[in-house]
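In what follows, every chain begins at residue 1, and chains take the letters A, B, ... in the order their sequences are listed.
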There are 2 protein chains.
Amino acid sequence: MSDALPSPPATRAPRPTMRDVAALARVGIKTVSRVLNNEPNVSPETAERVHRAAAQLHYEINSVAGNLRRSGNSTKTVGLVVGHVANPFSGHIHAGVEEVLYPQGYSVLAASLDDDAEREQRLVREFLRRRVDGLILTTISAEQTYLLPELSRGLPVVFVDREPCGVTADAVVGDNAGGAREATAHLIAHGHRRIACLADRDSLSTSVHRVEGYRLALKEAGLPYEPELVTTNINSADAARAAVTALLARAEPPTAIFTAQNLITIGGIHALRDAGLQHTVALMSFDDFTLADALDPGISCVTQDPRSMGALAGRKLLERLGGDDSVASTIVSPTTLIARGSGEIPAPR
Amino acid sequence: MSDALPSPPATRAPRPTMRDVAALARVGIKTVSRVLNNEPNVSPETAERVHRAAAQLHYEINSVAGNLRRSGNSTKTVGLVVGHVANPFSGHIHAGVEEVLYPQGYSVLAASLDDDAEREQRLVREFLRRRVDGLILTTISAEQTYLLPELSRGLPVVFVDREPCGVTADAVVGDNAGGAREATAHLIAHGHRRIACLADRDSLSTSVHRVEGYRLALKEAGLPYEPELVTTNINSADAARAAVTALLARAEPPTAIFTAQNLITIGGIHALRDAGLQHTVALMSFDDFTLADALDPGISCVTQDPRSMGALAGRKLLERLGGDDSVASTIVSPTTLIARGSGEIPAPR
DNA sequence: TTGAAAGCGCTACCAC
DNA sequence: GTGGTAGCGCTTTCAA
């Protein structure tokens with residue numbers, strides 16, 4: 001009984017090379033190279049013969065071999081390290097990078113940090129062995145001095161989301177302090193005086209900046225900074241849920257909460273619901289998520305634009321690849337406040 | 001005023017080669033190769049000298065050049081095409097693939113389909129030029145016969161999420177028909193007789209299978225199939241919102257809705273809320289999303305495990321890369337029903 | 001307009 | 001143990 005679909009043989013056949021195409025077209029190998037790379041000075045008839053032979057053999061040019069010899073020794077490949085590809089924030093960064101780099105002929109080797117500082121270095125090393133033309137990195141390690149030899153060699157590196165530590169390099173970051181300040185000021189404007197702040201690990205500069213923004217807003221409003229309302233080093237939704245539950249159980253509970261990260265917001269929402277306080281205690285989130293507007297109340301937030309951040313990082317890298325030698329800069333991508341209800345719950349009087 | 005941080009020169013310095021290391025260590029280039037590849041038959045003293053020289057020059061082996069000569073002509077690179085890297089479903093597939101391939105020394109070139117069939121072919125072609133060892137593909141094109149030359153050459157290709165068309169190859173897909181059938185049967189079990197079905201484009205096999213599952217459940221329950229309750233070719237949340245709104249405005253509106261995809265569910269939720277019917281009309285979603293349990297009512301769904309699907313696809317590819325010549329197979333990854341409230345709203349009597 | 005030869009950085013093979 | 005030489009598939013250079 002024969003299958004309707006063409007069933008391919010499982011044998012591994014060698015790929016044709018330019019030499020095979022040249023032989024079939026009865027020309028020199030260099031002529032094949034010229035034709036397939038659209039170089040001038042080939043007669044139309046010869047070009048036609050070459051194209052026909054290439055098509056017949058299903059030949060695809062080998063850019064790996066080509067780039068080995070080609071000037072600049074470039075691979076037209078960029079290494080991208082993000083927090084985790086399964087995280088939508090990382091996904092949007094990836095999308096922005098892709099959007100900018102693929103049209104310019106670059107391919108993207110993507111990998112996840114997975115909260116592992118060692119992995120960060122392993123991945124960078126692997127990318128270097130593959131001779132990527134540049135790197136776009138979200139980092140987790142305490143400092144990136146391990147990149148110094150590469151940077152001093154002129155390898156373009158752009159940091160995204162988190163600023164580098166111990167090295168000078170381009171970076172694209174969200175306005176963490178500014179966004180946190182705006183979120184906190186928003187709560188203050190609705191009458192709140194006791195505002196809790198829940199943040200991620202202190203080892204992350206993003207997290208530290210958000211707490212700073214929170215403090216700045218308090219200071220600007222002449223409110224005291226009360227350490228017992230601030231919990232940091234929260235790294236899961238469950239931890240956030242527990243932390244918020246503990247805060248609400250205090251003698252003087254906060255009347256508003258600023259959750260400085262996505263997962264923390266999710267844990268916070270659960271905790272408020274557990275206590276039946278979702279319409280009583282105000283909540284502002286740093287970072288948005290799907291259906292935040294479908295919850296009751298809708299979740300107010302300040303949101304970054306990770307896709308734009310990825311695109312900016314990609315663009316910066318392209319400039320460096322193009323030979324831009326100007327001094328390293330940090331681009332701050334603005335945040336946007338979205339009011340949906342949870343952040344506009346007034347303070348009790 | 002001097003910067004505290006080391007500011008790297010912007011000049012592009014050439015990378016050291018094995019020859020440079022060999023010269024510095026006063027050994028032959030082949031010895032450097034042996035040491036750096038952990039091959040035997042090198043005296044400890046020589047190895048030490050080589051390691052020292054390599055470290056001094058910050059030399060990293062060039063795996064691109066090495067693989068050119070190495071047996072099998074492999075690049076230890078795999079090309080991955082997903083729907084869109086910014087989509088969490090795609091992100092989880094990517095994560096699963098990564099999780100399986102990186103430990104085996106493979107790197108992943110990732111790219112997004114972006115709903116563009118031409119892009120699919122462009123990306124595959126680019127990957128072929130980069131001589132990837134294998135491909136993991138989510139497809140959008142009507143048929144993939146353009147892959148036949150590669151498949152017959154023995155290039156390992158694993159399709160993920162959507163089954164191939166026009167070619168025989170391994171695939172990992174979710175249980176689209178089974179999941180849809182289970183979701184629909186769940187609604188029927190809660191007394192519903194008029195169940196709407198909203199699905200994505202008919203050109204997607206996944207979508208077609210989900211509608212089939214819906215029909216099968218109706219049939220098994222002895223319920224009639226009413227075409228006016230089925231809307232397909234919905235490709236955005238807004239379109240879904242409009243479609244549900246239209247359904248609810250009918251003379252005999254459905255008492256339950258099966259939304260056969262993520263974005264459609266989101267649009268459907270909005271439409272039900274617009275009409276104030278979220279506690280009246282039952283809703284089952286195909287695919288889960290963050291905070292689905294925090295909505296009121298919680299959204300019941302059947303969910304796939306895209307991470308596992310990615311891992312299965314990666315594992316299959318590794319087997320093929322390892323020389324497995326067995327006949328192509330399709331792995332069906334099961335779905336799970338999660339009851340949260342929206343799917344358990346009973347039919348009015 | 002065409003192609004032969006050299007060489008990109010490395011590994012396979014074989015001599016020492 | 002060690003290292004030269006050939007060659008992976010291509011582009012560069014240069015001569016025809």
Please determine, for the side chain of [X], which listed nucleotide ([options]) has the closest atom?
X	options	result
A:I61	C:dG9, D:dG3, D:dT11	D:dT11
B:V42	D:dT2, D:dT11, C:dT11	D:dT2
A:L68	C:dG9, C:dC10, D:dG1	C:dG9
B:E39	D:dG3, C:dA12, C:dT2	C:dA12
B:Y59	C:dT2, D:dC10, C:dC10	C:dC10

Between [X] ([atom1]) and [N] ([atom2]), how many Å, whole number?
X	N	atom1	atom2	value
A:R131	C:dC10	CZ	C1'	10 Å
A:N67	D:dC10	CG	C1'	10 Å
B:R34	C:dC10	CZ	P	16 Å
A:L36	D:dT11	CG	P	9 Å
A:K76	D:dT11	NZ	P	14 Å
B:R70	C:dA12	CZ	P	6 Å
B:N41	D:dG1	CG	C1'	7 Å
A:R19	D:dT11	CZ	C1'	13 Å

Within less than 4.0 Å of OP1 or OP2 of [N], is there a side-chain N or O belonging to [X]?
X	N	result
A:S63	D:dC10	no
A:T17	D:dG9	no
A:N73	C:dG9	yes
A:N37	D:dT11	yes
A:N62	D:dG9	no
B:S43	D:dG1	no

- Task: Confirm from the modelled atom types if B:R15 and C:dG9 form a donor-acceptor pair under 3.5 Å, side chain to base only.
- Result: no
- Task: Classify the side chain of B:R69 and the base of D:dG9 as holding, or not holding, a donor-acceptor pair under 3.5 Å.
- Result: no
Distance alone, cut at 3.5 Å: any donor-acceptor contact between the side chains of [X] and [Y]?
X	Y	answer
B:S74	B:D133	yes
A:T77	A:R130	no
A:Y146	A:E120	yes

- Message: Has B:R15 got a side-chain atom pairing as donor or acceptor with B:N62's backbone, closer than 3.5 angstrom?
- Response: no
- Task: Taking B:N37 for its side chain and B:E39 for its backbone only, find out whether a donor-acceptor pair lies under 3.5 Å.
- Result: no
- Tell me what B:V27 touches on the nucleic acid: a base, only sugar-phosphate, or nothing, going by heavy atoms under 4.0 Å. sugar-phosphate
- Base, sugar-phosphate, or nothing for B:T46, non-hydrogen atoms under 4.0 angstrom? sugar-phosphate
- Note on the structure: Comparing B:T31 with B:G66, nearest DNA chain D nucleotide closer to 5' gives the residue B:T31
- Going by the side chain to side chain contact (heavy atoms under 4.5 Å, CB included) test, name the single residue among A:L147, A:V173, A:L135, A:D170 that passes it with A:F159. A:L147
